[in-house]
Structures are given as C-alpha cells and as structure tokens.
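Please read the structure below before turning to the comments.
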Amino acid sequence: IVVVACVLAAMRYLTAKGEQDRVARELAMEREELRMMPDLEEKELALVYRARGLDVEEARRSAKAVMRDPERALAEKLQSELGGADAPVSPLRAGWTAGLSALLGAGIPVIPLIGARSGTALWVALFFGGLAAIATGIIRSVLTGEGAVRHAVQMIVIAAGIAVLGFLAGRWILPPL
C-alpha cells in the first residue's frame, strides 16, 4: 500500500511539474512574441476578439487598446492560447495530496484485516471501505456541484470493482492455503 501511494505521489508530482513547465514555456514564448512582433500579435488578438463575436472594427480597437498594456496583452494572449486554464497546481502539493489520499484510501479497508482471520474482520473492512467510498463521493459532489447520490454510487461501484480485482489477483497470486 505504501509503495503504491509513493508511486501515485511521484506520478502526480511529475504530471503537475510538467504542466507547470509547459505553462512557463508558453508564457515565455508569448512574452517574446509580444516583444518581437507586436503588430502581428495585435492582429492575432483582433482575430480572437472576432471569434468571440465582436465586429471587425470593434475587435481592432479592443486589440489596440489591450496592446498598450503589455501585461494585459500577455494575459489576454495566454487566455486565448491556454483556453482559460487554471493556474497550475503546486507539484509538491499535488504529489503529497495524491500520495496521502492513496495511502488513506487503500489503508482504511485493510486495517481491520491486519492480524485478523475471522469473517467479522472482512465485514468490518467492507463496511469501512464502503463508508470511505460514500464519503469520497459526497466530497466529490461538493467540489463539482453535482449530485451527491450519483457520485457516492459511482465511488461504491469503483471501490467494489477494485475489491473484486484485488480478490481475484490475490487468489491467482496466493492460492488458498
């Protein structure tokens, strides 16, 4: 469980770091383009405004006004180039969050089974695993603004699928004693 949590943390860190690097490269490139080719960038910005629904003359005026402020022009260019992407997440924070989430998510149903051999431990593990899946679904619904029941059911189905796969893998790797 700890190894899987570490791998997930590392993967999430690298993904967030890659995104952070990509945005930094895009920022540097747009800044350089604005410095080297302001007329072309102004025309490109006018095209962006045309695509947003402004008429030709209004788009030109708006682009000219924006280009007077280099930071505003850069922000507008990034908005159009990156599609309004949110600010990148801190890679370290993303890694820690993914690792701890994986550790907790995998650890909750396993804790009752440590050192236990009874059927009761299995039912306790299933119960707490189910509660964790429901809680995760509810938290997800709060974050997305969507239905709590839908997300809770989704998480229970996912957790059940993972449990079945884990059971089958355990049977395959460790035949019954």
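Note that the structure is a prediction, hence the values are computed from the model and not measured.
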* To do: Would you list the pairs meeting side chain to side chain donor-acceptor pair (under 3.5 Å) in which at least one residue belongs to residues 23-34, sequence neighbours left out?
  => Glu32-Arg35
* Structure fact -> Cluster membership besides Leu131, Ile/Leu/Val/Met/Phe/Trp/Tyr side chains within less than 4.5 angstrom, sorted by chain and number, is Ile108, Val124, Phe127, Phe128
Taking only distance into account, with no hydrogens and no angle test, what donor-acceptor pairs under 3.5 Å do side-chain atoms of residues 94-106 form with protein atoms, sequence neighbours excluded?
residue: Thr97; atom: OG1; partner: Arg93; partner atom: O; Å: 2.7
residue: Ser101; atom: OG; partner: Thr97; partner atom: O; Å: 2.7

* Structure fact -> In short, side chain to side chain donor-acceptor pair (under 3.5 Å) pairs touching residues 4-16 with sequence neighbours left out are none
* Note, Leu45 side chain near Tyr49 side chain (heavy atom, < 4.5 Å) -> yes
* Asked: Considering residues at least two apart in sequence or located in another chain, which fulfil the side chain to side chain donor-acceptor pair (under 3.5 Å) criterion with Asp21?
  -> Lys17
* **ILVMFWY cluster, Leu34 and Met36 together (side-chain gap under 4.5 Å)** => no
* **Met11 atom CE: more than 12 heavy-atom contacts under 6.0 Å** => no
* Asked: Atom CG in Leu74, atom CG in Leu27: separation rounded to 0.5 Å?
  -> 5.0 Å
* **Pairing residues for Lys64 by the side-chain contact (heavy atoms from CB on, under 4.5 Å) criterion, not counting sequence neighbours** => Glu42, Arg68
* Asked: Is there a side-chain contact between Lys77 and Val48 (heavy atoms, below 4.5 Å)?
  -> no
* Asked: If you look only at pairs with a residue in residues 149-163, which of them pass as a salt bridge (Lys or Arg N to Asp or Glu O under 4.0 Å), with sequence neighbours excluded?
  -> Glu146-Arg150
* May I have all residue pairs that pass salt bridge (Lys or Arg N to Asp or Glu O under 4.0 Å) and include part of residues 121-133, sequence neighbours excluded? => none
Could you give the side-chain donor-acceptor pairs of residues 54-63 under 3.5 Å, partners two or more places apart or in another chain?
residue: Asp55; atom: OD1; partner: Glu57; partner atom: N; Å: 3.1
residue: Asp55; atom: OD1; partner: Glu58; partner atom: N; Å: 2.8
residue: Glu57; atom: OE1; partner: Arg60; partner atom: NH1; Å: 3.4
residue: Ser62; atom: OG; partner: Glu58; partner atom: O; Å: 3.0

* Who pairs with Arg140 by side chain to side chain donor-acceptor pair (under 3.5 Å), at least two apart in sequence or on another chain? -> His151, Gln154
* Asked: Are Val23 and Leu78 in one and the same hydrophobic cluster, where Ile, Leu, Val, Met, Phe, Trp and Tyr link if side-chain heavy atoms are under 4.5 Å apart?
  -> yes
* Asked: Does Val149 sit in a hydrophobic cluster with other residues, and if so which ones, taking ILVMFWY side chains as linked at heavy-atom separations under 4.5 Å, directly or through other members?
  -> Val153, Val157
* Got a sec, which residues hit side-chain contact (heavy atoms from CB on, under 4.5 Å) with Leu126, two or more places apart in sequence or on another chain? -> Leu122, Trp123
